[in-house]
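Chain naming here is simple, since letters A, B, ... match the order of the sequence lines and numbering starts at 1 in each. Computation of the quantities below employed the complete heavy-atom set of this structure, encompassing side-chain atoms and omitting hydrogens, waters and symmetry-equivalent molecules.
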Amino acid sequence: MKYDFTAIEKKWQGIWEERKCYAAQNGSDKPKFYGLIEFPYPSGEGLHVGHPRPYTAMDIVARKRRMQGYNVLFPIGYDAFGLPTENYAIKHKMHPREVTKRNIARFTQQLKMLGYSFDWDRVVDTTDPEYYKWTQWIFLKLFENGLAYKTKMPVNWCTSCKCVLANEEVVNGVCERCGSDVVRKEKSQWMLKITAYAERLINDLDGLDYIERVKTQQRNWIGRSTGAEVDFATTAGDTLRVFTTRPDTLFGATYMVMSPEHELLKKWESIISNRAEVAEYQEAAARKSDFERTEMAKEKTGVCLEGVRAINPVTGNEIPIFISDYVLATYGTGAIMAVPGHDDRDWEFAKKFSLPIIEVVKGGNVEECAFTDCQTGIMVNSGFLNGLSVEDAKKKIVEWLSEKGLGVQKVNYKLRDWVFSRQRYWGEPIPLVYCEKCGWVPVPESELPVLLPDVESYETTDTGESPLSLMEDWVRTVCPHCGGPAKRETDTMPQWAGSSWYFLRYMDPHNKEALVGKDAISYWNRVDWYNGGMEHTTLHLLYSRFWHKFLYDIGVVPTSEPYAKRTSHGMILGEGGEKMSKSRGNVVNPNDIVEEFGADTLRLYIMFIGDFEKAAPWSSTAVKGCKRFLDRIWNLCEKAVSDSGKDFTTKNEALIHNTIKKVGDDIENVKFNTAIASLMTMVNEFYDNGCNKADLMLLLKLLSPFAPHIAEELWEMLGGEGLCCEQPWPSFDESKMVESEKTLAVQVNGKLKTTVVVPSDSDDNAVLQKVLADEKMKRILENMDIVKTIVVKNKLINLIVKPQNS
RNA sequence: GCCGCUGUGGCGGAACUGGCAGACGCCCGGGACUUAAAAUCCCGUGAUGUGUAAACAUCGUACCGGUUCGAUCCCGGUCAGCGGCACCA
């Protein structure tokens, strides 16, 4: 009989579904395991060959855990709000809901085709009102707790999407999604105060089992720096406050710089004598996008304020104040003290404007360039700090400043609050109404969800308002507080909203009373293992940690972190090593692979392709190797059935036990490629030295997480009881892992000469005698004295020799 | 500029804690089976050199140097590539 993968895969998918093999039990006595993958955005293109990489990986883990006796929650859902769907709907004059429904149906069919052990009774869809009701509920709680606020501010505006973007969505000055220019625009926006959680988001990383590069990237993004705020008196009478990480260099501060947007400038308008020049500079800066501002970074520009000067608190010197766009309004206090001797930017600026440069940390030549390598060193030209180390100087100056009431220690973060409104249709409506009398009022919980109205057109408006703003009947409402006339908020939430808590809903997806029931959350607790892409590290992963911490604070969830463990997979590249994309025409469709080779081969290949954590190029020829491997197993099993009278003996017991251990360990360490390689080695061994039925059944159990369909079919063919996927995971016997004989490397002066076979754990002398008896070694050692012998047990022997009589 | 990662055959990639570099797979070559092809099975396959051959020698993990009996692995330096952040004071 031939390996008819198409029929076999259909057959077992049907059986698994019918028996509900993969349904998770809430409140079971078994130990629980919650494995999570990032739910897909159901795009119109359907599943891409990149999707199966993380899915198969976690499916393997989930299947192994079930065999190990765990009650496993391995869910799937759809992150279905978002712009591509909306744009497609506009173009084809369909309702986004219809487009979404169609795309989800396609994804579901494709995912089922790959044989994933998802619990299909727990599917969530972020666009389902039963789901987004709770997204809105969380927003209301954030609002009630002062973590959602509306403010007029310069925002990132995508010129093509006609929509506001979060900082995290702007990449190199362009829109992360469409690549169009992003400009700054003053708009009134809903914001979430993620900065209030900056410290906890950074500190709590320490206790998590995340791969290091995820932690590093999040730390960099949050960007903590410790320093001090220092107040400078000015001749105008006002205090100019700055943030610095180097208060120790205060004696070297020879001028100040304010951002062009600094609010003191308005106040000083009347006393600045060159206000026309200042105003011109401010306007020019405002016209530039953030991107242009950084592009211009090469050449420093600025204007010196005439009529106001600052006073350096330690030297008492009057120093000039400049405005320059190299100082950001949004970081620190929007003003700096410039220490040109020890900061590249300040140095460059000082040179251009001929400002004094003072060395305050010994070690460089500040006339040549700024001496920035000064985290350690000795203070000079610094009055009462002279002779101190940088470290001591920092302490002393902060003490001195706080005594005088001129400064305090201060921690700053790069992280900004999260711009949470979008001017688009296909998102969750923000559940607030605006009343002239009462201001912003939350929609009562009992009235959730606030449903998306059916609009005629989803086109973006020319005014930059949400399409919902044109639905006057929907917008007009009554104030829940005073009953007077009020208007609904017409902006919607960003795509990241629904994905910030979806893993909680999986625990209890049909609950109508709460986003997750108390019993469900106390049983499942949190995600044990979450695998996802690096591209979400500073977006979804950070946002969802933030929401989870908030939900913890208000008592909804029992843990302050949502995910105990985070791993990440590399991208699947096109055949030539380039990124797979429609425009390059190198996209591989999983349907084609499944049709030609079967889902098991695709699953196996996508895991065998290379290091899971690194990018790997697709190879259409290498896929065949995995198909061949399955064919070889198929043939072995067929032979075992027809030769059932004969009893083969397994010669290599150690190999079997080593393979069990290796496959198990490799799965835990996301080394799927080497796990498969060791299964291949095992099969090769069976071909060389024979095997019996029991050996094959053991092989099938190890294979089943990787290639579950063929494993079931062959399990049945060999007369196995029950389902292969429900067998206990094989255990290994440590004592049987050691081989009776070892092949040792024999080196002379560190160079390999030959090998010898000795019984395991032979003592050093026995090894040496064996080596000395070897014909080849006799030849080599002729006329040589052995000076030293090094033996590494069961591994190698190294003889250090020198010629005789020398 | 700063932070992080990576560099191994024709290709994808292995190598535990410093101990036989190249597992496993692809490609390629040879053989068996076949009328033939495909499929399958068996053998070979880092480079160079010597040898009819079995075999042997030398070189080899980006490059230069160091530590060590022994280095893909540790240390110092250089080069190249990838990713993140980027005027964050």
- request: Check every atom of B:A23, B:U6, B:A89 against the side chain of A:Ile336 and return the nucleotide holding the closest atom.
  value: B:A89
task: Taking only the side-chain heavy atoms of A:Ala616 (C-beta and beyond), determine which of B:G13, B:A89, B:A57 contains the nearest atom.
output: B:G13
- prompt: So, do A:Leu702 and A:Ile660 sit near enough that their side-chain heavy atoms are less than 4.5 Å apart?
  reply: yes
Whole-angstrom distance between B:G65 and B:A71, as gauged at atom P: 14 Å
message: If you only use heavy atoms from C-beta on, which nucleotide in B:C42, B:G70, B:A23 is closest to the side chain of A:Ala677?
response: B:A23
message: Nearest whole Å is fine: how far is B:G25 C1' from A:Ile606 CD1?
response: 15 Å
query: Under the criterion side-chain contact (heavy atoms from CB on, under 4.5 Å), which of A:Thr789, A:Val791, A:Ile790, A:Val746 is the partner of A:Asn798?
result: A:Ile790
- prompt: If you measure from the P atom in B:A21 to the same atom in B:U61, how many Å do you get, rounded?
  reply: 12 Å
- prompt: What interatomic distance, in whole Å, is found between C1' of B:G18 and the corresponding atom of B:G66?
  reply: 15 Å
query: Contact class for A:Leu796 vs. all strands (heavy atom < 4.0 Å): base, sugar-phosphate, or nothing?
result: base
- request: Please state whether the phosphate of B:C41, meaning OP1 or OP2, lies under 4.0 angstrom from any side-chain nitrogen or oxygen of A:Arg628.
  value: no
task: Report which part of the nucleic acid A:Arg779 touches: base, sugar-phosphate, or nothing (heavy-atom distance under 4.0 Å, all strands).
output: nothing
message: Is A:Asn673 close enough to B:A14 that one of its side-chain N or O atoms is under 4.0 Å from OP1 or OP2 there?
response: yes
- prompt: What's the CD1-C1' distance between A:Ile211 and B:G4, to the nearest Å?
  reply: 12 Å
task: Using Watson-Crick or G-U wobble geometry with both distances below 3.5 Å, tell me the partner of B:U67, or none.
output: none
- prompt: Can you check whether A:Phe597 and A:Phe5 have ring centres sitting under 6.0 Å from each other?
  reply: no
- prompt: What closest approach, in Å, do A:Leu679 and A:Thr659 show between heavy atoms, and which atom pair accounts for it?
  reply: CD2-CG2, 4.3 Å
field: A:His342 side chain vs A:Thr372 backbone, donor-acceptor pair below 3.5 Å
entry: no
query: What nucleotide among B:C69, B:C26, B:A89 has an atom nearest to a side-chain atom of A:Phe243?
result: B:A89
- prompt: Over how many whole Å does the gap from A:Tyr3 atom OH to B:U40 atom P extend?
  reply: 14 Å
- line: Re B:C59: Watson-Crick or G-U wobble partner, both distances kept under 3.5 Å, found to be B:G46
query: Considering Watson-Crick and G-U wobble pairs with both distances under 3.5 Å, what does B:U40 pair with?
result: B:A32
task: Give the nucleotide from the list B:A89, B:A57, B:A23 with an atom nearest to the side chain of A:Lys776.
output: B:A57
query: So, A:Lys776 and A:Asp774, do they make that salt bridge, N to O below 4.0 Å?
result: no
message: Any base atoms under 4.0 Å from A:Thr755, or only sugar-phosphate, or nothing? Heavy atoms, all strands.
response: base
query: Contact class for A:Gln217 vs. all strands (heavy atom < 4.0 Å): base, sugar-phosphate, or nothing?
result: sugar-phosphate
- prompt: Which part of the nucleic acid does A:Ile800 contact within heavy-atom distance under 4.0 Å: base, sugar-phosphate only, or nothing?
  reply: sugar-phosphate
message: With rounding to the closest Å, how many angstrom separate the P atoms on B:G30 and B:U8?
response: 30 Å
- request: Would you indicate, yes or no, if B:A89 has its OP1 or OP2 atom less than 4.0 angstrom from a side-chain nitrogen or oxygen of A:Ser225?
  value: yes
- prompt: Between A:Tyr326 and B:A89, is there a side-chain N or O to OP1/OP2 distance below 4.0 Å?
  reply: no
query: Would you call A:Lys300 and A:Asp344 a salt bridge, using N to O less than 4.0 angstrom?
result: no
query: Looking at B:C26, B:A89, B:C24, which one has an atom nearest to any side-chain atom of A:Ala622?
result: B:C26
query: Is the shortest side-chain N to carboxylate O distance from A:Lys778 to A:Glu775 below 4.0 Å?
result: yes
task: Assess whether one donor atom and one acceptor atom, taken from the side chain of A:Asn798 and the base of B:C69, lie less than 3.5 Å apart.
output: yes
message: Say we look at B:A37 and B:C33: how far apart would their C1' atoms be, to the nearest angstrom?
response: 13 Å
- line: Testing B:A89, B:G13, B:C3 for proximity to the side chain of A:Asp611, the answer is B:G13
Spacing between A:Gln218 atom CD and B:C85 atom C1', to the nearest angstrom: 14 Å
Syn or anti conformation of B:G7, syn meaning chi within 90° of 0: anti
- prompt: Any chance the rings of A:Phe322 and A:Tyr255 have centres within less than 6.0 Å?
  reply: yes
statement: Heavy-atom nearest nucleotide on RNA chain B taken for A:Lys751 and for A:Asp631; more 5' hit belongs to A:Asp631
task: Please report, rounded to the nearest Å, how far the P atom of B:A38 is from the NZ atom of A:Lys627.
output: 17 Å
query: When rounded to the nearest Å, what value does the distance between C1' atoms of B:C74 and B:C26 take?
result: 34 Å
- prompt: Hey, which of these two, A:Phe612 or A:Asn635, hits RNA chain B nearer its 5' end, going by closest nucleotide?
  reply: A:Phe612
- prompt: What is the base-pairing partner of B:G81, counting Watson-Crick and G-U wobble geometry with both distances under 3.5 Å?
  reply: B:C5
task: Rounded off to whole Å, could you give me the CG-to-C1' distance for the A:Asn684 and B:C43 pair?
output: 14 Å
field: Same-atom distance (C1') from B:A14 to B:A23, integer angstrom
entry: 5 Å
query: Over how many whole Å does the gap from A:Leu573 atom CG to B:G81 atom C1' extend?
result: 14 Å
- prompt: When you measure from the centre of the six-membered ring of A:Tyr687, is the NZ or CZ of A:Arg632 under 6.0 Å away and within 45° of the axis?
  reply: yes
- prompt: Counting any heavy atom closer than 4.0 Å, what does A:Arg219 reach on the DNA or RNA strands: base, sugar-phosphate only, or nothing?
  reply: nothing
- request: State which of B:C69, B:A89, B:C24 makes the closest approach to the side chain of A:Thr245.
  value: B:A89
task: Provide the Watson-Crick or G-U wobble partner of B:C26, both distances under 3.5 Å; none if there is no partner.
output: B:G10
query: For B:C87, which nucleotide is its Watson-Crick or G-U wobble mate, given both distances must be under 3.5 Å?
result: none
query: Counting side-chain heavy atoms from C-beta on, which of B:C20, B:G19, B:C27 comes nearest to A:Lys624?
result: B:C27
task: Quick one: label A:Ala615 by what it contacts on the DNA or RNA (base, sugar-phosphate, nothing), any heavy atom closer than 4.0 Å.
output: sugar-phosphate
message: For the P atoms, the ones on B:A36 and on B:G44, what distance do you get once it is rounded to whole angstrom?
response: 26 Å
Quiz item: A:Lys795 side-chain donor-acceptor pair to B:C20 base, under 3.5 Å: no
field: Side chain of A:Phe608 - closest among B:C20, B:C24, B:G13
entry: B:C24
task: Take atom CE of A:Met607 and atom P of B:A14, then tell me their distance rounded to the nearest Å.
output: 13 Å
